S.K.: 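Take this structure, written in structure tokens, and hold onto it; I'll ask about it next.
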There are 2 protein chains.
Amino acid sequence: MGEETIRVLVVEDHHVVRQGLVALLNVVDGIEVVGEAADGVEAITQFRKHQPNITLIDLRLPRMSGVDVIQRIRMESPGARFIVLTTYDGDEDIYRALQAGARAYLLKGMTTDELIATIRAVHAGKSHIPPAIAQKLAERMGTEELTPREFDVLEQIVHGKSNKEIATELEISEATVKTHINSLLGKLGVTDRTQAATAAIQRGIVPLESLRKPKP
Amino acid sequence: MGEETIRVLVVEDHHVVRQGLVALLNVVDGIEVVGEAADGVEAITQFRKHQPNITLIDLRLPRMSGVDVIQRIRMESPGARFIVLTTYDGDEDIYRALQAGARAYLLKGMTTDELIATIRAVHAGKSHIPPAIAQKLAERMGTEELTPREFDVLEQIVHGKSNKEIATELEISEATVKTHINSLLGKLGVTDRTQAATAAIQRGIVPLESLRKPKP
DNA sequence: ACCCGGCTCCATCTATTGATGGAGGCGCTC
DNA sequence: GAGCGCCTCCATCAATAGATGGAGCCGGGT
């Protein structure tokens, strides 16, 4: 195995980073970049077109998230192999990406050698999760899952809503909002809504980007 | 002007991104990468050693922040020219970097052509701030400055402390804490501590990284 | 059928938070 | 030295937030 050239698709929205990656990989023996995509939708198009052996993918993408792309492609091509490549290390994203079927998770701080070694390893059928990431996953395991409703409430809290506003927004009573808050505080291991908000952001449960714009 | 080769120093902690940038720039006519640094301290060493015309620098660096590096180097070499290159667009960092003397601020999403054009422009003595960034700066201008004490309190709020805990931590009375909170809420344009916390994170006033570890 | 977990609601009580107005000290600037 | 902004403290009040315990409904699984 590994005799043939490894065909790679690079999905990354930052032009310079993507072009840099392509430049770096194309000079490596046995690796060929067969396609590039700058957003999630393009990623799927490019995947179908080139059927790469390995897809190097960032999770933060315009139009469709990396996690969604992985899920979607794996439905069509269960054998597809993904290496997640990202700067961000929010626990939640790591978890979701691996759930979706990513074989490896690399932070952008790794060396070129590590990247290449990982590409070869994953192509050979192996998985690779760095110790630092494995650590976070282990920590996460202890964490209880939030119920859908608790998640809704948490989202509103992060967006700065009061209990009354949340009640109106979700069309439930304020008492129920408090009930949900009470249980999510417990699950997150925090003691008040402010801690819940920062924890949610820090762990990537609620994306920071959702704060930028007021809302429709 | 512009006859000679532009000597560039690349400061970026992510290996693949840095190597990608170097690879991209070195094939450009009239630009030569004379040095690389992966953290703030190394950046200063490399600057002294190579005296580059342009320093391409990320703000998020280990050991010493990009803003500190710019300030430090500008004290020694007031003519030094910096182009800030970052993914993150927290208002506060933009402001501080430009204050410190950066001539241009680019997001990593730009194209290679834009990057090269900016390097040439800055070398020719011009400045370059993209419209999106200028926009944020303008918005920021309307914002009142927080006093040192208000900042201390805000920091504690983001870290999930109660008023009582903040009072103890800062060795002031709870009443004083409330006074500070009241005025910082006004300055931030929010109505409660939870909104203050998310706003602080979103605007980059309190770095998200400070949440990772509890603290000594 | 029974049980369990999630979602809903309720009432009650306490603690925390935020608003307001007033007040003295301190250091800087005009 | 008068004025100004910051920091400190105080008291008081109203609004929110959080804890607790109890309750009914529904859907899935044993």
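Every chain is numbered from 1, with letters handed out A, B, ... down the list of sequences. Everything numeric here is computed off the predicted structure, so don't read it as measured data.
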S.K.: Taking NZ from B/Lys161 and P from C/dT16, how many angstroms apart are they, rounded to a whole number?
M.R.: 16 Å
S.K.: Taking all non-hydrogen atoms of both residues, which atom of B/Arg7 and which atom of B/Val34 are closest, and how far apart?
M.R.: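 Reported closest heavy-atom pair: NH1-CG1, 3.4 Å.
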S.K.: Quick one: on DNA chain D, does B/Asp192 or B/Thr147 contact a more 5' nucleotide (nearest heavy atom)?
M.R.: B/Thr147
S.K.: On DNA chain D, does the nearest nucleotide to B/Ala175 precede the nearest nucleotide to B/Pro148 from the 5' side, or the other way round? Give the residue.
M.R.: B/Pro148
S.K.: Base, sugar-phosphate alone, or nothing: which one does B/Ser162 contact when heavy atoms must sit under 4.0 Å apart?
M.R.: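 It contacts sugar-phosphate atoms only.
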S.K.: Are any of B/Thr191's side-chain N or O atoms less than 4.0 Å away from OP1 or OP2 of C/dG18?
M.R.: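 For C/dG18, OP1/OP2 do not have a side-chain N/O of B/Thr191 under 4.0 Å.
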S.K.: Between B/Glu174 and A/Glu174, which has a closest nucleotide on DNA chain C that is more 5'?
M.R.: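 By nearest-heavy-atom nucleotide position, the 5'-most residue is A/Glu174.
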S.K.: What is the distance from CD of B/Gln156 to P of C/dT17, rounded to the nearest Å?
M.R.: 13 Å
S.K.: Could you work out which one of C/dA19, C/dT8, D/dC9 sits closest to the side chain of B/Lys178?
M.R.: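 Of the candidates, C/dA19 comes closest.
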S.K.: Quick one: A/Phe151 CZ to C/dC7 P, roughly how many Å, whole number?
M.R.: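 In whole Å, C/dC7 P and A/Phe151 CZ are 13 Å from each other.
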S.K.: Respond yes when some side-chain nitrogen or oxygen of A/Thr179 is under 4.0 Å from OP1 or OP2 of C/dC9, and no when none is.
M.R.: no
S.K.: What closest approach, in Å, do B/Gln51 and B/Ser77 show between heavy atoms, and which atom pair accounts for it?
M.R.: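 Heavy atoms only, the tightest pair is OE1-OG, 4.2 Å.
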S.K.: Has the side chain of A/Ser173 got a donor or acceptor atom that lies under 3.5 Å from a matching backbone atom of A/Ala175?
M.R.: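 Checked: pair present.
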S.K.: Of all the nucleotides listed (C/dT17, C/dC7, D/dT20), which has the minimum atom distance to the side chain of A/Asn182?
M.R.: D/dT20
S.K.: Checking all strands, does A/Thr176 fall into the base, sugar-phosphate, or nothing category for heavy-atom contacts under 4.0 angstrom?
M.R.: base
S.K.: Report the distance from atom CG of A/Leu146 to atom CG of A/Leu188, rounding to the nearest 0.5 Å.
M.R.: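 Answer for the CG-CG pair, A/Leu146 versus A/Leu188, is 5.5 Å.
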S.K.: Is a side-chain donor or acceptor of B/Arg81 paired with a backbone partner of B/Asn53 at a separation under 3.5 angstrom?
M.R.: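 No.
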S.K.: Whole angstroms only, please: what is the CZ-C1' distance between B/Arg193 and C/dA15?
M.R.: 12 Å
S.K.: Send over the distance from A/Lys187 NZ to D/dG18 P, rounded to a whole Å.
M.R.: 17 Å
S.K.: Check every strand shown and say whether B/Asn163 touches a base, only sugar-phosphate, or nothing at a heavy-atom separation below 4.0 Å.
M.R.: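 Sugar-phosphate only.
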S.K.: From C-beta outward on B/Ile172, which listed nucleotide comes closest to its side chain: C/dT17, D/dC9, D/dC7?
M.R.: D/dC9
S.K.: Report the distance from atom NZ of B/Lys164 to atom C1' of C/dG18, rounded to the nearest whole Å.
M.R.: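 Rounded to the whole Å, the gap is 16 Å.
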S.K.: For B/Ile181 and D/dC9, what is the distance between atoms CD1 and P respectively, to the nearest whole Å?
M.R.: 14 Å
S.K.: Whole Å only: how far is the NE2 atom of A/His180 from the C1' atom of C/dT8?
M.R.: 7 Å
